[in-house]
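Take a look at the structure below.
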Number of protein chains: 2
Amino acid sequence: MIPSENRLAEEYGVALATMRMALKQLVDEGLLDRRRGTGTFVKQPAFRADLFRFFHVHDVEDPDVPVIPESRILSHQEVALPADVKQAFGEESVSHCIKLERVRLWSGDPLLFEEIYLRLPDFNGLMSLNPKAMGPLLYPVFLEEFGILISSATDELSFGTATKASAKHLELATGAPVAAIQRIARNPAGRVIEFRRVHGRPERFRYRVTLGDQPA
Amino acid sequence: MIPSENRLAEEYGVALATMRMALKQLVDEGLLDRRRGTGTFVKQPAFRADLFRFFHVHDVEDPDVPVIPESRILSHQEVALPADVKQAFGEESVSHCIKLERVRLWSGDPLLFEEIYLRLPDFNGLMSLNPKAMGPLLYPVFLEEFGILISSATDELSFGTATKASAKHLELATGAPVAAIQRIARNPAGRVIEFRRVHGRPERFRYRVTLGDQPA
DNA sequence: GTCAACCAGTTCTCTAGAGAACTAGACTTA
DNA sequence: TAAGTCTAGTTCTCTAGAGAACTGGTTGAC
């Protein structure tokens, strides 16, 4: 809880209405929460919401329950930028980045295989982190360990065929049909932070997204 | 252009600051546009933006250009509600609805086959409309002919197999793999207005969506 | 004809304050 | 103990107005 609008206005030497406008702005940005008769509170990072915010793959059996599959990081290494990643990161990108490989499983069966490219030097120090300790979702780790906030992501879905690597980890034949997602994730300034290639087993794959203004 | 805040406040018998708050609210809702030194304007329905707003299928060759394929309405008829449509529309739904069948083509080749279910009685009178005169996008027609605004839609993507109908119009064999989208579209109040089942030829199919706060 | 200066009209930012609506906790009473 | 009452403190809504910042058009000088 932060001080009342009265105290804050006094403290900062501005009029009450001005302070109220400033507070309203922060409420609109989702940083504060005000309750009449109670006070103004710093909004807890709504992690329950944030967890699902960028993770829209649903189970084919029960599409109303968002799925967060078990996560298994296979490798993390510093690599030269592949061409498509370099293009996504833009001109000012350096020559190397960090690559993670990860498999996601659902009730024991592999569902997704991910190749994740993270921008350097933003993620300096990630190589010394224990990938097994990261948990099923990366974006909270980005925020807590590196102060990097992912605020938007563009997903592009298409049909593809399994590469040697994705086939191996999804237990498919090389060249078998897969669901392909390419994700470009950005911080609030629009800077590309992450590039991700995902292959998914088609029979279990479902992707849900809501466009436009969410009804209350 | 609408009258100045001064005139409006006078006319409605409220204080200037109150009128300003009301106007700001309408600006936040995207209905008005204010320019300092100039005036306040009713926002033109941004149709260029709206056109693409709910149409996120991209060409596989050049993914940066949003695709609006040629549209060909095959049939429109009044039918009994199928079970899944009834569930989407909710309990208070009536027993019948309007069903459109449509094919979308890209450079002559069929790309998407759509079965579109529209709620009655909202769309009373659509049956007497000439479907050929509708143009490639339905939502502007909904707005102009029926005063119905689509403000959000939930898409669910998965892999499926061609039905007899979709196979025929996509020039595939029945049972061939297809991209499947199920769309539920709502008006600003959250009422389900449209239910849509889409099948797409997999090799040309690409779906792009941006989640989170769009960077400026 | 061109350009600068001016001006009326507009929105934007900020001040100052009154009263209503609401909440959480303290207090009283049965 | 339990339920109702009160109260201080909070946010919310609205009034009233001054001055700054900006825009589009008009006027005037050259």
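From a predicted model like this one, the values you see are computed outputs, not experimental measurements. Each chain gets a letter, A, B and so on, in the order its sequence line appears, and its residues count up from 1.
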Can you tell me the distance, in whole Å, between the [atom1] atom of [X] and the [atom2] atom of [N]?
X     : N      : atom1 : atom2 : answer
A/M1  : D/dG9  : CE    : P     : 12 Å
A/L8  : D/dT11 : CG    : P     : 8 Å
B/E5  : C/dG9  : CD    : C1'   : 11 Å
B/M19 : D/dT15 : CE    : C1'   : 13 Å
B/L16 : C/dG9  : CG    : P     : 16 Å
B/L32 : C/dT10 : CG    : P     : 16 Å
B/D33 : C/dT11 : CG    : P     : 12 Å
A/F41 : C/dT23 : CZ    : P     : 12 Å

Pair [X] + [Y], salt bridge at N-O below 4.0 Å:
X      : Y      : value
B/R191 : B/D122 : yes
A/R119 : A/E194 : no
A/E5   : A/R34  : yes

Looking only at the side chain of [X] (C-beta and beyond, no hydrogens), which of the listed nucleotides [options] gets closest?
X     : options                : value
A/N6  : D/dT11, C/dT15, C/dT11 : D/dT11
A/A15 : C/dT15, C/dT13, D/dC12 : C/dT15
A/R20 : C/dT11, D/dC14, C/dT15 : D/dC14
B/M21 : D/dC12, C/dT10, D/dC14 : D/dC14

So, do B/E114 and B/R104 sit near enough that their side-chain heavy atoms are less than 4.5 Å apart?
-> yes
Nearest-nucleotide check on DNA chain C, A/A17 vs B/R34; residue mapping nearer the 5' end is B/R34
B/F159 and A/F159: CA distance, side-chain angles, deciding distance, ring pair (Phe, Tyr, Trp, His ring centres under 6.0 Å) verdict = CA-CA 9 Å; B/F159 287 64; A/F159 287 63; 4.3 Å; yes
If you look at every strand shown and take non-hydrogen atoms under 4.0 Å, does B/T18 touch a base, only sugar-phosphate, or nothing?
-> base
When you check every protein heavy atom under 4.0 Å of nucleotides 19-26 of chain D, what one-letter string (B, S, -) results, 5' to 3'?
-> --BBB---
Ring pair (Phe, Tyr, Trp, His ring centres under 6.0 Å) between B/H199 and B/F113, worked out = CA-CA 5 Å; B/H199 278 184; B/F113 170 71; 7.5 Å; no
Just say parallel, tilted or perpendicular for the rings of A/F123 and A/F142, cut-offs at 30° and 60°.
-> perpendicular
Report yes if a side-chain nitrogen or oxygen of A/T40 is closer than 4.0 Å to either non-bridging phosphate oxygen (OP1 or OP2) of D/dT11; otherwise report no.
-> yes
